[in-house]
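Notes to accompany the following structure.
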Amino acid sequence: MFRISAAATVLAVSLAGCTMGITPGQSPSGDYKVEVGYQQALKAARAQAELCLTGKDAYTVRDTVDDVAHKATLRVTAPFTDNDVARVDIVGIDAGHSDVHIAMWGRRIWNGDAVIAMRDAIRFQVPTCVSYMPSDTNNPVRPPPQ
């Protein structure tokens, strides 16, 4: 019994000492206009997240949809803390266009490259963990400050 409580204490202290999740203004992110409706954008974002951002089933993919407001949010959450390590907010402009905000934690697989890969997965409706398309300079990823 003592071992279990000691292990739980070590885990809690470890998690408390390590900020895990997206930090507004500090995590890599980008804002994009895509020629895809919000429901298609969500479907592509989910496929991308499940393929590339969940590890070995350690992270959970969750989404919420507001069909009245034409909005959707996809979140990849960390175990134990439920903090977002990836987030995609989608607002439908019309039937074939959406505004998309993508934010990643900024560590390991959830980095600036993952923002671009997610953008391209939504834009081209093909999930892939690395973007093979030339990046435009109009919407660069905002890197975390050093």
Side-chain angles (χ1 to χ4, degrees), residues 1-34 36-93 97-133 135-136 138-146:
M1 189 66 154
F2 178 73
R3 288 182 187 172
I4 293 172
S5 64
T9 303
V10 168
L11 178 63
V13 169
S14 297
L15 290 175
C18 174
T19 302
M20 182 174 204
I22 295 170
T23 305
Q26 294 182 359
S27 296
S29 63
D31 295 292
Y32 308 99
K33 290 194 183 305
V34 295
V36 176
Y38 79 98
Q39 291 174 332
Q40 288 177 294
L42 178 62
K43 184 177 177 182
R46 177 172 268 288
Q48 173 77 2
E50 289 173 349
L51 179 68
C52 306
L53 301 176
T54 59
K56 294 184 182 204
D57 299 322
Y59 295 81
T60 305
V61 178
R62 296 184 171 111
D63 61 42
T64 55
V65 178
D66 182 345
D67 287 322
V68 174
H70 299 112
K71 293 181 179 182
T73 298
L74 178 120
R75 300 171 48 227
V76 178
T77 59
F80 306 114
T81 64
D82 204 35
N83 292 343
D84 293 350
V85 293
R87 184 179 176 105
V88 181
D89 294 303
I90 306 162
V91 178
I93 299 169
H97 298 84
S98 300
D99 285 328
V100 177
H101 175 78
I102 303 167
M104 298 285 169
W105 176 27
R107 300 193 186 204
R108 296 187 212 110
I109 63 172
W110 306 281
N111 58 23
D113 293 338
V115 172
I116 299 300
M118 179 63 78
R119 177 201 65 190
D120 288 352
I122 294 168
R123 185 180 281 167
F124 301 113
Q125 298 289 291
V126 178
T128 179
C129 299
V130 177
S131 175
Y132 296 99
M133 303 304 291
S135 187
D136 60 359
N138 294 335
N139 291 316
V141 172
R142 288 187 300 276
Q146 297 298 337

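Just so you know, these numbers come straight off a predicted model, no measurement behind them. Count residues from 1 along the sequence.
Applying the disulfide bond (SG atoms under 2.5 Å apart) test to residues at least two apart or on different chains, the pairs with a partner in residues 38-81 are Cys52-Cys129.
The nearest pair of heavy atoms linking Ser98 to Gly92 is OG-CA, 3.9 Å.
Note that CH2 of Trp105 is 9.5 Å distant from CG of Asn83, once rounded to the nearest 0.5 Å. Note that the CD atom of Gln48 and the CE atom of Met118 stand 5.0 Å from one another [nearest 0.5 Å]. A distance of 7.0 Å separates OG1 in Thr128 from CG in Leu51, rounded to the nearest 0.5 Å. To the nearest 0.5 angstrom, Leu74 atom CG is 9.5 Å from Asp89 atom CG. Here the CZ atom belonging to Phe124 is positioned 7.5 Å from the CZ atom belonging to Arg119, to the nearest 0.5 angstrom. Atom CG in Asp99 sits 11.0 Å away from atom NZ in Lys71 (nearest 0.5 Å).
Aromatic pair Tyr59/Trp110: centroids less than 6.0 angstrom apart.
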>> One pair to check against side chain to side chain contact (heavy atoms under 4.5 Å, CB included): Thr73 and Arg87. What are the steps and the verdict?
In response: CA-CA 7 Å; Thr73 298; Arg87 184 179 176 105; 3.7 Å; yes
> Does the side chain to side chain contact (heavy atoms under 4.5 Å, CB included) test come out yes or no for Asp113 and Val115, once each step is laid out?
Replying inline: CA-CA 5 Å; Asp113 293 338; Val115 172; over 6 Å; no
> Should Asp84 and Thr77 be marked as a side chain to side chain donor-acceptor pair (under 3.5 Å) after you check the CA-CA gap, both sets of side-chain angles, and the distance that decides it?
Replying inline: CA-CA 4 Å; Asp84 293 350; Thr77 59; 5.9 Å; no
>> Run the side chain to side chain contact (heavy atoms under 4.5 Å, CB included) test on Lys33 and Val100 for me, step by step, so that the C-alpha distance in whole Å, both residues' side-chain angles and the decisive distance to 0.1 Å come before the verdict.
In response: CA-CA 6 Å; Lys33 290 194 183 305; Val100 177; over 6 Å; no
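Counting heavy atoms from C-beta outward, Val36 and Gln125 have side chains that approach closer than 4.5 Å. Residues Ser29 and Met104 fail the side-chain proximity criterion, which asks for heavy atoms closer than 4.5 Å.
Side-chain N or O atoms of Asn111 include one that pairs as donor or acceptor with a backbone N or O of Arg108 at under 3.5 Å. The backbone N or O of Ala103 lies less than 3.5 Å from no partner atom in the side chain of Ser27, so there is not a single donor-acceptor pair.
Ring geometry for Tyr38 against His70 counts as perpendicular: the plane angle is over 60°, on a 0 to 90° scale with 30° as the lower cut.
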Name each donor-acceptor pair under 3.5 Å that joins a side chain in residues 40-47 to protein atoms two or more places apart or in another chain, with its distance.
from	atom 1	to	atom 2	distance (Å)
Arg46	NE	Asp63	OD2	2.9
Arg46	NH1	Glu50	OE2	2.6
Arg46	NH2	Asp63	OD2	3.1

